[in-house]
Amino acid sequence: MAISSGNTALADLLLINGAVQLVLFGLVAWLPFMKTGRMSFVDIAWPFGVALTGVQIALLGDGEPFRRFCVAGVYLLIGLRMGLGALTMARATGVIFQTEFPRYEYRRMLLEDGGKKHVRFHMQAEILAQGLANVSVLAIPGFLLSVNGEGTIHLLEGVGIGIWLLAYLLESTADVQKLRFIANNRGGVCNVGLWKYSRHPNYFSEWLVWTGIVIAAIPSWWLLLHAEALFTWIVLGVGGAAASLMMYITLVYLTGAVPAEYYSVRKRPDYQQYQKTTNRFFPWFPRK
């Protein structure tokens, strides 16, 4: 059978991951928010939650070992890179442990300006939403791959992992280019390297990372057609594909490009000109 113990393995992974993420977000994000009123703790809980998903894939998945451990490594690299980066920044700047990230200040401002009552409740709900993303749409593609017992690697799997690897390298490159620019041009507008073609190449690359994983999971999802009830199969497909859409919405509108540019325009006089010449998200050649 192509899908190894399909129903049982997949159900167990989803249930165990739900419990793991609930405990993680409760201890690392929700309780600190209740004490401090800051949402920035999510930037620790979310990536380490992704890394823990990778651990579960490696230990609890029962599919073909090479595929399973490759996918586990992908989730671990994504989560640990961002999680350790957040901790490093927190120690160096005090953000998270002492102050709020601007993007979460922006969310609070939108809620207050929109006349929302019980702003703290809404922010708690957003913490819960990020935890639920780790429980569902972000975990489903990896879990689908982890129960695939096929010995042959499908073309789409190779394409998806290739996209992930390229995007992972691009994201790392964009971060390094930004740090180097800031070190030598404090207060300037970073428009060098990848930043010449997109105002947020790091966010674009992060979206591409998850899109690559979704593409890689398509063959594993298809193999489940006769191992799962039709409704469950459709829900898994929609849930897996939603990882790409959800990351796009988040990285552009919620905690990514739009909040970042709200502050960049106010801090950097030349940023409006940069907006006129450079695409916000998808890379393209600068406009004259």
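All residue numbers refer to positions in the sequence shown, counting from 1.
Under the 3.5 Å distance criterion, the side-chain polar atoms of W207 are matched with a main-chain donor or acceptor of S244. Q56 places a side-chain N or O within 3.5 Å of a backbone atom of N17 that can act as its donor or acceptor partner. In this structure a side-chain-to-backbone donor-acceptor pair under 3.5 Å is missing from Q130 to W46. Of the possible polar contacts, none joining the R68 side chain to the S146 backbone as a donor-acceptor pair under 3.5 Å is found. No donor-acceptor pair under 3.5 Å is formed between the side chain of N148 and the backbone N or O of L144. Here the side chain of W233 pairs a donor or acceptor atom with the backbone of W221 at under 3.5 angstrom. Using a distance-only test at 3.5 Å, with no hydrogens or angles considered, a donor-acceptor pair links the side chain of Y274 to the main chain of C190. Between the side chain of Q21 and the backbone N or O of L132 there is no donor-acceptor pair closer than 3.5 Å. No side-chain donor-acceptor contact under 3.5 Å links S198 to the backbone of F282. Looking only at distances, no side-chain donor or acceptor of E150 sits under 3.5 Å from a matching main-chain atom of T152.
From L145, atom CG reaches atom CD1 of I57 across 7.5 Å, with rounding to the nearest 0.5 Å. Here the straight-line distance linking atom CD of Q272 with atom CG of D270 works out to 10.0 Å at 0.5 Å rounding. Residue R107 holds its CZ atom at 9.0 Å from OG1 of T255, rounded to the nearest 0.5 Å. Taking CD from E105 and OG from S40, the interatomic distance works out to 8.0 Å, rounded to the nearest 0.5 Å. Atom-to-atom distance recorded for W210:CH2 and M247:CE is 6.5 Å, nearest 0.5 angstrom.
Taking every heavy atom of both residues into account, R108 and V119 meet most closely at CG-CG1, 4.1 Å. Nearest heavy atom pair, residue A216 against residue E157, reads O-CG, 3.3 Å. In this structure, T278 and R199 approach most closely via the heavy-atom pair O-NH1, 2.6 Å. Pairing each heavy atom of A72 with each of G54, the nearest pair is CB-O, 3.3 Å. The minimum heavy-atom distance linking M82 with P47 is given by the pair CB-CB, 3.8 Å.
Contact of the W195 side chain with the N202 side chain is registered, since non-hydrogen atoms from C-beta on lie closer than 4.5 Å. Side-chain contact between F41 and I96 is present, with heavy atoms from C-beta onward closer than 4.5 Å. No side-chain heavy atom of V159 sits less than 4.5 Å from a side-chain heavy atom of H154. Residues L138 and T53 form no side-chain contact, since every pair of their non-hydrogen atoms from C-beta on lies 4.5 Å or further apart. The shortest side-chain heavy-atom distance between W222 and L156 does not fall under the 4.5 Å cut-off. Taking the side chain as every heavy atom from C-beta outward, F143 and S220 never approach each other to under 4.5 Å. You'll find the side chain of E228 reaches within 4.5 Å of the side chain of L10, heavy atoms only. Side-chain contact between F204 and L194 is absent, with no heavy atoms from C-beta onward closer than 4.5 Å.
For the pair R266 and Y271, the cation-pi test (distance below 6.0 Å, angle within 45°) is failed.
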Pair Y248-Y253, side chain to side chain contact (heavy atoms under 4.5 Å, CB included): steps then yes or no: CA-CA 8 Å; Y248 174 80; Y253 299 105; 4.2 Å; yes
For E261 and R280: C-alpha separation, side-chain torsions, deciding distance, then whether salt bridge (Lys or Arg N to Asp or Glu O under 4.0 Å) applies. CA-CA 10 Å; E261 295 196 1; R280 178 171 63 185; 5.7 Å; no
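Between H200 and Y203, the distance from one ring center to the other falls under 6.0 angstrom.
The ring-ring contact (aromatic ring centres under 6.0 Å, His included) contacts involving residues 79-104 comprise nothing, where partners must be two or more places apart or lie in separate chains.
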